[in-house]
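Scroll down for the structure; my scribbles are underneath it.
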Amino acid sequence: MLRRLLLVLLVIGVAVTSGCVYWRLLQFKRQLNNFNEHFEFHSDSTHFLIANNPVLSGSDFDNLMEVEPTHRLEDDRGYWRVYGFEKDPPDGSAPLEYRFRFNDDLLTEIRFPRQFTELYPADILAELLRSLGDADVDKSEKSAFSRSFNQRLVTSLPGRKELVEALGDPTGYDEILAEGGVGVVYRYTIMTSTTGEKREKRHSYGHFLFRSDGSLEKVDAGIGDHELCFTIPERLPDDDAEHCYPDNN
């Protein structure tokens with residue numbers, strides 16, 4: 001929640017499809033592991049990522065998302081696939097909008113929702129993206145897991161108060177958590193014309209687990225039947241990896 005601290009993080013981080021699409025997603029993941037060589041991260045009214053050596057095509061992206069974008073916009077440098085995520089149920093808060101620019105049908109730029117500028121300093125979001133390069137991918141389960149966080153990143157992630165200020169009231173909370181922790185759930189639906197069997201692919205969620213001191217412990221994000229999990233240590237490192245929460249769609 002990243003919505004999905006994370007929606008885009010999920011989109012670009014979960015290499016879970018098959019064949020050539022899977023191979024190119026794996027290439028993209030490896031590029032994240034050599035972030036400075038392959039990407040430029042900038043910020044103006046929003047945070048945005050430039051791909052210097054693009055590998056993902058428009059058809060790859062459609063196969064991953066599985067639903068039509070909210071909008072397709074053309075300009076003199078190519079075209080945009082725009083995905084608007086509306087809170088489910090709607091509560092009047094602004095949608096999360098992700099913009100993906102394609103030039104010669106290759107993904108060259110990602111524009112993150114403006115809410116991300118409230119949640120993350122630019123360098124911290126860039127560090128989150130780098131961490132996806134080390135994520136463990138389970139293709140059969142359509143999931144990815146990352147806990148590659150340095151101490152600076154850990155202490156800079158948003159707390160529960162900052163999350164609610166940026167995204168508005170949660171869809172729900174966990175009723176009971178051990179040791180005084182709080183689980184916050186956000187659910188979204190992509191605003192799209194897609195209907196029929198793929199209608200359920202529109203749904204997404206973010207599950208944020210906060211410790212009793214208000215620090216972020218874990219994030220599980222899902223879009224369609226894909227999952228991305230982040231576990232954030234209190235201090236460096238070495239806990240055994242946990243599994244994702246069950247799909248909350």
Side-chain angles (χ1 to χ4, degrees), residues 1-14 16 64-65 83-91 93-96 98 112-113 115-116 118-120 124-125 128-129 131-132 135-138 141-149 153-154 156-190 200-234 239-249:
M1 284 260 208
L2 337 193
R3 243 199 135 315
R4 250 147 164 265
L5 265 354
L6 294 170
L7 270 179
V8 143
L9 300 188
L10 181 64
V11 169
I12 65 179
V14 183
V16 295
L64 180 61
M65 292 298 294
Y83 293 86
F85 291 82
E86 182 179 51
K87 201 176 289 183
D88 184 13
D91 65 356
S93 59
L96 299 179
Y98 296 84
F112 294 88
Q115 291 91 334
F116 276 33
E118 303 174 44
L119 285 171
Y120 313 105
I124 295 302
L125 183 54
L128 273 171
L129 290 169
S131 74
L132 288 174
D136 297 322
V137 173
D138 186 334
E141 294 296 327
K142 295 189 176 182
S143 66
F145 179 88
S146 179
R147 56 190 185 119
S148 177
F149 297 98
L153 177 58
V154 168
S156 300
L157 291 174
R160 178 183 169 191
K161 178 181 178 182
E162 291 77 19
L163 185 72
V164 173
E165 286 177 349
L167 301 184
D169 291 334
T171 307
Y173 296 89
D174 283 335
E175 294 182 4
I176 301 174
L177 290 175
E179 300 179 357
V182 176
V184 178
V185 181
Y186 285 87
R187 299 183 190 277
Y188 287 81
T189 299
I190 300 174
E200 292 304 312
K201 305 292 186 181
R202 302 180 309 154
H203 299 305
S204 64
Y205 69 89
H207 189 157
F208 298 83
L209 179 61
F210 293 94
R211 300 181 181 92
S212 57
D213 65 1
S215 63
L216 186 61
E217 179 178 356
K218 189 178 182 187
V219 179
D220 293 349
I223 180 170
D225 54 0
H226 304 303
E227 281 190 315
L228 179 62
C229 296
F230 290 82
T231 290
I232 299 96
E234 291 186 84
D239 299 324
D240 291 336
E242 300 174 40
H243 296 292
C244 296
Y245 285 110
D247 190 340
N248 293 330
N249 289 348

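Given the structure is predicted, the values throughout are model-derived calculations rather than measurements. Counting from 1, the numbers follow the sequence of the chain as shown.
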Using modelled atom types and a 3.5 Å cut-off, is there a donor and acceptor pairing between side-chain atoms of [X] and backbone atoms of [Y]?
X      : Y      : value
Glu165 : Leu119 : no
Ser93  : Gly168 : no
Arg187 : Ser204 : no

- Query: Name the one of Tyr205, Tyr188, Phe85 that satisfies side-chain contact (heavy atoms from CB on, under 4.5 Å) with Ile223?
  - Reply: Phe85
If you take all heavy atoms of [X] and [Y], which pair is closest and at what distance?
X      : Y      : value
Leu216 : Arg211 : O-NH1, 3.1 Å
Lys87  : Leu167 : NZ-O, 2.7 Å
Asp88  : Thr189 : OD2-OG1, 3.2 Å
Val164 : Tyr186 : CA-OH, 3.6 Å

- Message: If you define the side chain from C-beta out and look only at heavy atoms, does anything of Val219 sit under 4.5 Å from Leu209?
- Response: no
- Non-hydrogen side-chain atoms of Val185 and Tyr173 separated by less than 4.5 Å: no
